[in-house]
Amino acid sequence: MKAALAALLLLLTLGSGRPAWTGRLKRVAVVLGPAWSGVPVPARNGLKLLLEDLAETAGATVLEADPGRSPAPELTVLTLEGDFGNAGLRLRARLQEPARDLRDLTPVEADPRRQMESFLAVAGLRSPAAGSVLPSEPGDLLPLAGAYGTALLGGDEAAKAAEPGVEALAARDPGCATAALARAEAIHRDLLEDGQAPLNAQADCAQAFDAALALVPGFPRAARYAGRFYTDTGNQRQAMRILFESARRWPQAPALRSGLAYAARTTGLLPGALGALRAASDLEGRAPSGQALTENTYLYTGQWDRFDTSLGPGSPDRPDPLGDFYRGYLRLLEGRRPEALACFRQAALPAGVNVPFEQLAKAYVWALDGHRPEAVLTLRTLLQARKGLRVPDGEFSFKIAEAFGFAGDPEDAMDTAQLAFSQGFGCTDWYARTPFLSELHGLPRWRALIDHLQARQQLLEREFPPERFEGAP
């Protein structure tokens, strides 16, 4: 009777408007160990994500462990391993808690879903959302993990190819929030790369995100991905509403704050973006990490040393077109042209990792080498290739506008800046401050654009004042 009452109280907490977490932070990292057999890499990644979701909806602050470094003393680390054979999926784990000896966890449960829950139970974590995070049938755990890992972490082609299977999985298990999220992100990845996606794909993507967030109210991972989707489609208002609601329910989740910073900075709410980053740092106990995006808030607020530090040094042995592009871009802003050219050359190497940034870097290489017509042609080709995208990313369009300006093509620069505004990029301060578009400032079209930017930003500032981004929502 007591167990049933406790379960009911947990469900009531989850379904109410109150946060499901109170008390001091418990920071947790899930890592994949080396001992796996019969479990493909995408499924291993998906199992890690699912275990993180269970921990996060149990109230833990989930962090990525820094590879090659000893974990922080206050960090609980769960190392996951397993085998798949005739007996099905069997998982094992090692648990390292602060000030305790390392423990090997070999669950007695045959059901792999219960095995995952048992690992967290030893660490004092029980998720009231486990029934929706995990599939309804134990035999679906491995297929779900494979779909989840592929849709969220796989390459673009693999994620797109997984879409039909993910859709079937979500239809077979309509109560599984992570199946809905995997479907949403598979569609999202298709939209990001393919201008020929079906006309209803964007609506289907939004509906799948909504389903995940309805099954686990404020589901942190779903809110983060939905926030990125809505921001890149120019609807930062919806992105921030989703993220604030999730942060209200799960105030211990730092990545929600990083998502808020992204949505805020792209619409000009820079004090709010900085506040969100401070809140994320407080939760993580360090600078926000584990992001797929560069933290351009520091760039737009003039904190260039901090922006440079956030990018890291890069490596010629690891393709990183996004990071290398911004290393070159920052050095160009600082007047360090030879260093900028070296970074752009590195970013432009055809690695196939982030082709839009490879092409954008190539345009800067042409311009810095004195081949401005070739730079302009490269930019026009890049812009043409992005026409028809259902997730256009106005911030990237603005970077193309700046490159046109640097290459000495003010007409295309003006047109593309207006395009970036229409796609939702509204950081008024950076429109006004970037030196690459300074030649446009005397144009009536430019002054009208700034007026529109300021009007839109003021509307959002009234709904999302800076103090909303600091601390608890």
Side-chain angles (χ1 to χ4, degrees), residues 10 13-14 19-33 44-82 91-107 112-130 132-134 145 148-149 152-153 177-178 181 216 218-225 246-247 249-259 279-291 472:
L10 282 172
T13 301
L14 182 64
W21 166 86
T22 56
R24 74 181 187 86
L25 296 176
K26 186 179 183 72
R27 298 186 174 105
V28 174
V30 179
V31 299
L32 294 175
R44 299 177 200 176
N45 290 333
L47 289 166
K48 174 181 182 290
L49 294 174
L50 290 168
L51 199 53
E52 289 175 343
D53 289 337
L54 289 173
E56 197 161 43
T57 55
T61 295
V62 175
L63 307 178
E64 285 291 332
D66 292 326
R69 297 178 59 183
S70 298
E74 73 280 3
L75 189 65
T76 294
V77 180
L78 195 63
T79 302
L80 185 65
E81 296 175 339
L91 299 173
R92 304 177 300 279
R94 292 188 299 279
L95 179 65
Q96 180 65 70
E97 294 183 282
R100 298 195 64 172
D101 293 335
L102 182 69
R103 284 183 282 177
D104 289 319
L105 307 181
T106 304
R113 300 170 303 170
R114 305 291 86 80
Q115 293 168 19
M116 298 180 79
E117 291 182 84
S118 72
F119 298 148
L120 292 172
V122 176
L125 294 170
R126 290 177 174 81
S127 169
S132 295
V133 168
L134 300 174
Y148 207 38
L152 273 62
L153 300 178
T178 46
L181 175 53
V216 177
F219 184 10
R221 195 184 302 277
R224 299 198 297 269
Y225 280 87
S246 181
R249 294 176 181 272
W250 310 100
Q252 86 292 348
L256 295 171
R257 303 299 181 161
S258 298
S281 296
D282 289 344
L283 288 167
E284 291 200 13
R286 61 189 184 190
S289 62
Q291 298 185 95

Using modelled atom types and a 3.5 Å cut-off, is there a donor and acceptor pairing between side-chain atoms of [X] and backbone atoms of [Y]?
| X | Y | result |
| --- | --- | --- |
| Thr61 | Arg27 | no |
| Gln96 | Arg100 | yes |
| Gln252 | Ala60 | yes |
| Thr178 | Val133 | yes |
| Trp250 | Gly218 | yes |

Next item on the list: Test side chain to side chain contact (heavy atoms under 4.5 Å, CB included) on Tyr148 and Asp53 and set out the steps.
Entry: CA-CA 12 Å; Tyr148 207 38; Asp53 289 337; 2.6 Å; yes
Notebook entry, point to check: Who passes side-chain contact (heavy atoms from CB on, under 4.5 Å) against Leu153, sequence neighbours left out?
Noted result: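 Listed in chain order: Asn45, Leu49.
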Check: Who pairs with Ala222 by side-chain contact (heavy atoms from CB on, under 4.5 Å), at least two apart in sequence or on another chain?
Finding: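 side-chain contact (heavy atoms from CB on, under 4.5 Å) check on Ala222 returns Leu181, Ala212, Leu213, Phe219.
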Mind listing the closest non-hydrogen atom pair of [X] and [Y] along with its distance?
| X | Y | answer |
| --- | --- | --- |
| Thr57 | Pro220 | CG2-CD, 4.0 Å |
| Leu283 | Pro251 | CD1-O, 3.6 Å |
| Arg224 | Ala255 | CD-CB, 2.9 Å |
| Ala177 | Val216 | CB-CG2, 3.7 Å |

Next item on the list: Verify side chain to side chain contact (heavy atoms under 4.5 Å, CB included) between Arg126 and Leu120, making sure each step is shown before the conclusion.
Entry: CA-CA 7 Å; Arg126 290 177 174 81; Leu120 292 172; over 6 Å; no
Item checked: Residue pair Leu47 / Leu32, side-chain heavy-atom distance below 4.5 Å ->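 With C-beta onward as the side chain, the pair stays apart.
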Next item on the list: Would you indicate whether the side-chain heavy atoms of Val31 and Val77 approach each other to under 4.5 Å?
Entry: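 Contact flag for Val77/Val31 side chains = yes.
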Check salt bridge (Lys or Arg N to Asp or Glu O under 4.0 Å) between [X] and all other residues, then give those that pass, not counting sequence neighbours.
| X | answer |
| --- | --- |
| Glu52 | Lys48, Arg221 |
| Arg44 | none |
| Arg114 | Asp111, Glu117 |

Notebook entry, point to check: When you look at Arg257 and Glu284, which way does the side chain to side chain contact (heavy atoms under 4.5 Å, CB included) test go after all the steps?
Noted result: CA-CA 11 Å; Arg257 303 299 181 161; Glu284 291 200 13; over 6 Å; no
Next item on the list: Test Leu91 against Phe119 for side chain to side chain contact (heavy atoms under 4.5 Å, CB included), laying out the working first.
Entry: CA-CA 10 Å; Leu91 299 173; Phe119 298 148; 3.9 Å; yes
Notebook entry, point to check: Considering residues at least two apart in sequence or located in another chain, which fulfil the side-chain hydrogen bond (donor to acceptor under 3.5 Å, both in side chains) criterion with Arg92?
Noted result: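 If we apply the side-chain hydrogen bond (donor to acceptor under 3.5 Å, both in side chains) test to Arg92, skipping adjacent residues, the hits are Asp83.
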When rounded to the nearest 0.5 angstrom, what distance separates [atom1] in [X] from [atom2] in [Y]?
| X | Y | atom1 | atom2 | result |
| --- | --- | --- | --- | --- |
| Leu102 | Thr79 | CG | OG1 | 7.5 Å |
| Met116 | Leu78 | CE | CG | 9.0 Å |
| Glu74 | Leu63 | CD | CG | 8.5 Å |

